[in-house]
Amino acid sequence: MAGFGHYTHAIVRGIPASLAKEALRSSQSEVDLAGARKEHEAYVQVLGTRLGLEVVELPADESLPDCVFVEDAVVVCGDTALITRPGAESRRKETEVMKAALKNLNLNIVEMTDENATLDGGDVLFTGQEFFVGLSKRTNQKGAEILADVFKDYAVSTVPVLQGLHLKSFCSMGGPGLILIGSSEHAQKTLKIMQQMSDHRYDKLTLPDDAAANCLYMNLPNKGHVLVHPTAEEYPESATVFDKLKDHMLIPVSNIEKTKVDGALTCCSVLITKRANI
Amino acid sequence: MTTEAGSETEVKEKAEESAAETDQSEKASEGAQEVTDAEGEDKEKEKEKDGKEGKGIARYLPTWLKKQKSQSQTSPTKEEPPKEESNSKDTQEEDGPVPEVNGHAEEVEEKEAVKSDEVKEQEAESHSTASADTEPAKEEKVQESAEKSPEETVVTEEGEGVEEEKKEQEGEGEKEGEEGGEEGHTSIFQSPLRLVRKSKMKLVVCRVTLLDGTDFTCEVEKRAKGQFLFFKVCEHLNLMEKDYFGLSYIDSHEQKVWLDPTKEIKRQIRSNNWQFSFNVKFYPPDPSLLTEDITRYLLCLQLREDVASGRLPCSFVTHALLGSYTLQAEVGDYEPDQPRPLDNVGQLTFAPNQNREMEEKIVELHKSHRGMTPAQADVQFLENAKKLSMYGVDLHHAKDSEGVDIMLGVCANGLLVYKDRLRINRFAWPKILKISYKRNNFYIKIRPGETEQFESTVGFKLQNHRSAKRLWKVCVENHSFFRLNAPEPPTKARFLTLGSKFRYSGRTQAQSRVASSLIDRPAPCFERTSSKRISRSLDGAPMIRITEATSENGGDPHLELHSDSKTAEVEIEETVVVQEVSIAPKPGLVTVTSPQEVTVEKEVVVTVETKEAKQESVSSESESEEEAEYQPNVSVSICHTQILEEEEEEEEEEEKKGVSVPDAPSLPAEVEEEPEQKNNAEEEIQAKSNDDPITTQATNGHSLPEDSAVAPEEEEEEEEEEQEEQLKMNGVASVVEAEPRLQVICCSEPPVVKTEMVTISDTFAAQKTEIATKEVPIVHTETKTITYEAAQLDGNGDGEPGVLMTAQTITSESLCTTTTTHITKTLKGGLSETRIEKRIVITGDCDIDHDQALAQAIKEAKEQHPDMSVTRVVVHKETELAEEED
């Protein structure tokens, strides 16, 4: 728990032009590609320049319109990286470049090869003490099992994702033992299940907008608790809630365009902790 | 309170013992007499009838009664042991149930002495010390224990003589154990020394695999209970914080089963393979809270094994880390010049799939632990191990309601449900209202959530009924250990429960921590498995010290001891008849009446139970409990609003069950008062028994005085084995005087064992001597009828045929209850009197909790008719005595 959020590296990937038209999305909406790229640039800058993470930028791949959402391709915990088998067939190849990048970081790579298994990283919530895996359109039981097998030290509980794309479409960690959760009925229900399944106690911070509950939490040297969260323009009601986090360094980042293709803040990066000593 | 008192007590116990045996033998010789239902009007007649007609074990009763009476009259003190005793002892030693009546108690003692001179001396010493110092403080506990122990002992002995020598031995063992407990011996479990028994016991060699892989061999009596062996092992290991550990064995179905400390080993293992292993039973959630390094070391050993075997899964990194701490603890600092460190590592198994890579990692990490002492390394090991998600989770195969394979994991926090490696559900202990099993089904009843209205029950299918029971037991134990402050008294918190009476009998974690905090000894040296650095000091050699014992006692061992003894399992059909009579003009009476009777009833029940226990041991485990329930939390819904009396009743129950001696505000129970009262009671009883025709023959050996207001109560007291129910004594006294009619009569069999109370507290010992003599041990019966009634009521109304009001059969998971209600109305002197007679049949296999069933029945009867009083309770028991092989 002590080391939760102590990230040192971040992996991101560029936005291909194909995203605007071809990226998967649950709602029909026009994506402003330039706007999306601009937002993403700002996002990466926050991670690298402002927060001081070592950012690994992977090149975009036009054949993979969703490739910017790197989170789904891998689950990293400690020194181990589980290369996933994304639920959307069109995204399976996103893992290749990712794997190479992780190898360069000297992580132990485990691949999900079982053809019956699917898992999107967006369905995996790691709290520092345990995993919750959302069973969604993209993630199935088998995928969760494999994850549990890889990260044996931790309890892995499955929770249903009743609505929305991913588990983290309406929740994320806001700090050690703090879960940010959307206020929708299904989000609250899922939280209840998580709380019931856990031996640990979690505080919760409920946000009026489900999407606003997806934030990036970090605990960084010299900065303490950091929360990268959506802006007030997007979610004015939720923005005021973030102000309750007095101890956090709050960094609003605009994410309007990517949201149109179901891309939340956590989706766009893989955060990694590399310990210097070992 | 004096030293003498203690020894006297012992003597008495022995005397009683002998008396009991005598009874047995007498009974045996006398032949069968039938016990019939004492429902009838003429108690007297009935009683006689019962006595003479008896069948089965009941036959002994009459004899027994005689015996009792004569004893009480003849022998003023217990010091005079009945002659028969020696005989019976001989008998048992010879393995033959010869019912002869000769011999001396002294002889017996001599025999004992031969074998265990040392023991006795020790006993004596500890005895005096204990009684002098410890007792006063512990009076309550002692009493409790006494309450239970006497019963048990008595029962045992009776059973033995009649049925099998085995029983006898067991009984004795138990008794001894109990004495030990009372006298403040070494631990919860009796000191093995004390248990060392008489000569002719067959000894068996037990092999216990310890956590370091070595075998510990010791001899135990064939009849020894689990705790005896466990104690021996702990002694050998010099382990004081032993509550986290247990002994297990592999049963005939290749399943690992925990050895029940309260039961005979022999009956559990069901084979001639006396092979056990010493294991951690409850994994402390925070090992840093353990007091002693040696405890942590043993926990480490267990976890190393768990990890290496794959039972405790962990990642590569964690394997390496844990391995490195193991290495540090075992070989000390990494030595670079050591020729080939990897070889060293390779000899140890750290993980199921240990490979070179892991070994290298282990060595690499090992280097970073330089300077760490073994104890520190253990601490680090545990700090990492405890975080593992499967730490302390005991997995059981099961299927869910749809037949899908799942695993049920029992742990400190509750019950976890896994499908493959995934946690798919979790039921925290506080969420669980009831745990039960029936055949191969395992059920948990869940407290309704915020939004839900009703409790829900979740069922799982186990492979077979054995697995279901095993899982259930583990749940009961884990819940008790981690969630309760003290082991649950069997009667409390659950009602109308049949089936297994099993309860966790050891200390809870809370108690264990308290006990640990009292440990006052220099950290014991112990030898690590492959220690090369630790010099072996002779000082560290394991030995039990007196100080150790003392500190252990701080954790109130008595409680557990006795709750242990309570564990009874039975096959029984129990009939409870509760008659209620409402006497409109005299409400005061009601109050008085019910409590008294209730009390008595309980007593009876308890007795029965005890007896049951005996039988249980007779009947093998296998056929036993098909089902059982456990309600971890007293659910509000279950507790009906109760009348005052009932509350009292409950309290009394508690007291008797005796984990704690809760003093109800109304309870002026003062220990010191008791003896006096008893004496008085006794006198009165004697006096009255003569004058009072109505007085029932003291079936139990007590004569029951009727008329005097005070008398009945005192009688009860006596009957109750001097358990403190001063409640009534003081509170009710005035009422009683006003209404002297109330009478409690014990008709038929003398199953009431309020005997040996003397044992209970040394305080009373001196005064009690006489009383004790009077008191009679329980008889082992197949059929038993107990009737309690109010005196007045007997005369009238009996003749009238009852009107059948209702007859219903309720079958729940755990019991079959048939309730038949008759209502009779009588006009008597202008007063209309309504009698309701209820017949409740409780049927079940072993492990029925009779107390509860009975108490509940009475309670319910009262609730249904709050304005009436219970005037008579007839308990008719039919028990199948399972025949036992040796």
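All values below were derived from every heavy atom in this structure, side-chain atoms included, with hydrogens, water molecules and symmetry-related copies excluded.
The environment of Lys386(B) atom NZ is dense: over 12 non-hydrogen atoms of other residues, nucleotides or ligands sit within 6.0 angstrom. Counting non-hydrogen atoms of other residues, nucleotides and ligands closer than 6.0 Å to CD of Glu237(A) gives a total of 12 or fewer.
For the set Val317(B), Asn413(B), Val417(B), Val393(B), the entry with the most heavy-atom pairs within less than 4.5 Å of chain A is Asn413(B). Of the listed residues (Asn108(A), Ile146(A), Thr158(A), Asp153(A)), the greatest number of heavy-atom pairs within a distance under 4.5 Å of chain B belongs to Asp153(A). For the options Cys411(B), Cys314(B), Ser368(B), heavy-atom pairs under 4.5 Å to chain A are most numerous at Cys314(B).
Checking side-chain atoms of Arg423(B) against main-chain N and O of Met197(A) turns up a donor-acceptor pair under 3.5 Å. Of the possible polar contacts, none joining the Glu145(A) side chain to the Arg421(B) backbone as a donor-acceptor pair under 3.5 Å is found.
If you take CD1 on Ile193(A) and CD1 on Ile424(B), they are separated by 12.5 Å, rounding to the nearest 0.5 Å.
At a 4.5 Å heavy-atom cutoff, the contact between Leu416(B) and chain A is made by side-chain atoms alone. Heavy atoms closer than 4.5 Å to chain B are found nowhere in Thr80(A), neither backbone nor side chain. Both the backbone and the side chain of Asn425(B) come within less than 4.5 Å of a heavy atom of chain A. With a 4.5 Å cut-off on non-hydrogen atoms, Gln141(A) touches chain B through its backbone and its side chain both.
Under the 4.5 Å side-chain criterion, counting only non-hydrogen atoms from C-beta, Arg426(B) is in contact with Asp199(A).
When all heavy atoms of Ala144(A) and Leu422(B) are compared, the closest pair comes out as O-CD2, 3.3 Å. A pairwise comparison of heavy atoms in Ala155(A) and Ser389(B) identifies N-CB, 3.0 Å as the closest pair.
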